[in-house]
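Just follow the structure's listing: the first ligand is 1, and inside any ligand the first atom is 1.
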Amino acid sequence: MTNPSTQSVTFPEGFLWGSATASYQIEGAAREDGRGPSIWDTFSRTPGKVYAGHTGDVACDHYHRWRDDVAMMAELGLQAYRFSIAWPRIQPDGTGPVNPAGLDFYDRLVDELRGKGITPVVTLYHWDLPQTLEDRGGWTSRETSEAFAEYAMAVHKRLGDRVETWTTLNEPWCSAYLGYASGVHAPGIQDPESAFKAVHHLLLGHGLATRALRDAGVRKLGITLNPAAVSPADPDSEADVAAAHLVDGLQNRIFFDPILRGSYPDDVLAHIRRFSDLSWLRTGDETLIGQPIDVLGINYYSPSYVRSKPGIEGNPTAPGTEGIEFLPAAGPVTDMGWAIEPAALTRLLERIHRDYPGTPMMITENGAAYPTGPDETGERVPDAERVAYLDGHLRACHDAIARGVDLRGYFVWSLMDNYEWAEGYRKRFGVVYVDYHTQRRIPKDSARFYSEVIRNNGL
Ligand code: PNW
């Protein structure tokens, strides 16, 4: 049963409250201090790929405003900040010499955060692959997995004395399927076999980096996934249930099983054989991928419902789903058109807890896009819908904890409005408003709401 929204709930002691961002989405300074080009620079500068031709060249100018941004986080009472490192700042060509000026930026950021009592939570890869590596095959190539581990160690060498919590990848599903199957994200390739190769080499990169980071003494390590909260449209229809099982395999178990059980599921491998001979899957890979992790990051926004519909074309994002229809949202949606259903988050967390017992989890992203800007005073940004979204999903997290799920923290997406990938700046996910003309930040009502949640460790 979901808590009625008036009942007060308290989270376990030590529950970690934070907010999240990603390098390309906020930093800007795309050509500064020796940063090399990434696949997102190339993609966003290619006409027709991103809404209105928006790029991350300036974004929130966080590269120059980091000190003020950290001060703002402290004022909001954040306990932790999840951010990502731009690989092309560290190794402009993806491999080889390290660019000290790139490391200096994150060094300063980490010190500032710690000075304000905010725990830095580092994501090593949030989609900005150095272009040079893409030119050599990107994630379809095993070389990229190896390069990733080398890069991870270069970052750890500089920050490892002050950063405790490390996340290898953010949402490899997006990197693989949006990047190489539907092509709506960088590098914009549309080839099912490439997408499955990318899944594997992303996971292998996670495994190689995990081994190296462990050897270097990292004790809090994980990966962030965006599992589909997928259900059959009609739970009494065998065909719908089978459709949901297949989608769950292609989007969820293809990641969960190798990471948490050390092997790909047989039914998923059989499915992929329709597109590829699997020659890229080598002995020992799954063991590497299946090394223990300490925390599984979960990004959740929206549920999906599927139905068997023989004859319907496949969804380009999900190769092999011919004959399966993804239902349009039935109820209220956010500005992304994504359905709102907090109870689906509770179900998803319970399912992971049941099928992969003993997995500590954190919500590393959850939030909603709504277009509101400042009211007539220019000082206040009312966003009651976002407050309601967060309230509902925080209660859903609490429900999961009450049912035994080991959930240890929550990071709202996002700290501030930012570059929403193929949607450019037109979708606003921040709890803080950003005026892109002046770069002024204004905390929205949802930021005040979230501050209160943190202060009370509950709502
Ligand atoms: C995640 N989809 O992206 C990312 O981790 C963030 O960088 C992003 O800003 C946030 O969610 C909001 O979109 C996703 O199409 C992008 O299913 C697209 C999808 C899912 C997640």
Enquirer: Within 45° of the axis and under 6.0 Å from the centre of the six-membered ring of Tyr450, does NZ or CZ of Arg386 qualify?
Expert: no
Enquirer: Carefully, step by step, assess Trp127 and Tyr125 under the rule ring pair (Phe, Tyr, Trp, His ring centres under 6.0 Å).
Expert: CA-CA 6 Å; Trp127 308 356; Tyr125 183 73; 8.4 Å; no
Enquirer: Look only at the side chain of Asn315 and the backbone of Thr317, and say whether a donor-acceptor pair between them is shorter than 3.5 Å.
Expert: yes
Enquirer: Using a 4.0 Å cut-off to any heavy atom of His126, which atoms of ligand 1 qualify?
Expert: 4 (C), 5 (O), 6 (C), 7 (O)
Enquirer: How are the rings of Trp421 and His126 set to each other: parallel, tilted or perpendicular (split at 30° and 60°)?
Expert: parallel
Enquirer: Within the structure, is a non-hydrogen atom of Cys174 found at a distance of less than 4.0 Å from ligand 1?
Expert: yes
Enquirer: Checking Tyr389 side chain against Gly367 main chain: does a donor-acceptor pair fall under 3.5 Å?
Expert: yes
Enquirer: Could you tell me the residue and atom name of the protein heavy atom closest to atom 4 (C) of ligand 1, and the distance to it rounded to 0.1 Å?
Expert: Glu365 OE1, 3.4 Å
Enquirer: Suppose we measure from atom 17 (O) of ligand 1 to each protein heavy atom; which comes out shortest, and what is that distance?
Expert: Trp173 CZ3, 3.8 Å
Enquirer: At their closest point, which heavy atom of Gly56 faces which heavy atom of Tyr419, and how far apart are they?
Expert: N-CE1, 4.0 Å
Enquirer: Nearest to atom 19 (C) of ligand 1 by heavy atom, Trp338, Trp421, Trp413, Tyr301: which?
Expert: Trp338
Enquirer: Answer whether the closest heavy-atom distance between the side chains of Trp166 and His156 falls below 4.5 Å.
Expert: yes
Enquirer: Who gets closest to atom 18 (C) of ligand 1 by heavy atom: Asn299, Asn226, Leu178, Thr21?
Expert: Leu178
Enquirer: May I ask whether Glu423 has any heavy atom positioned less than 4.0 angstrom from an atom of ligand 1?
Expert: no
Enquirer: Of all the atoms in ligand 1, which lie at a distance below 4.0 Å from a heavy atom belonging to Asn170?
Expert: 5 (O)
Enquirer: Among Glu171, Glu420, Gln251, which one puts a heavy atom closest to atom 3 (O) of ligand 1?
Expert: Glu171
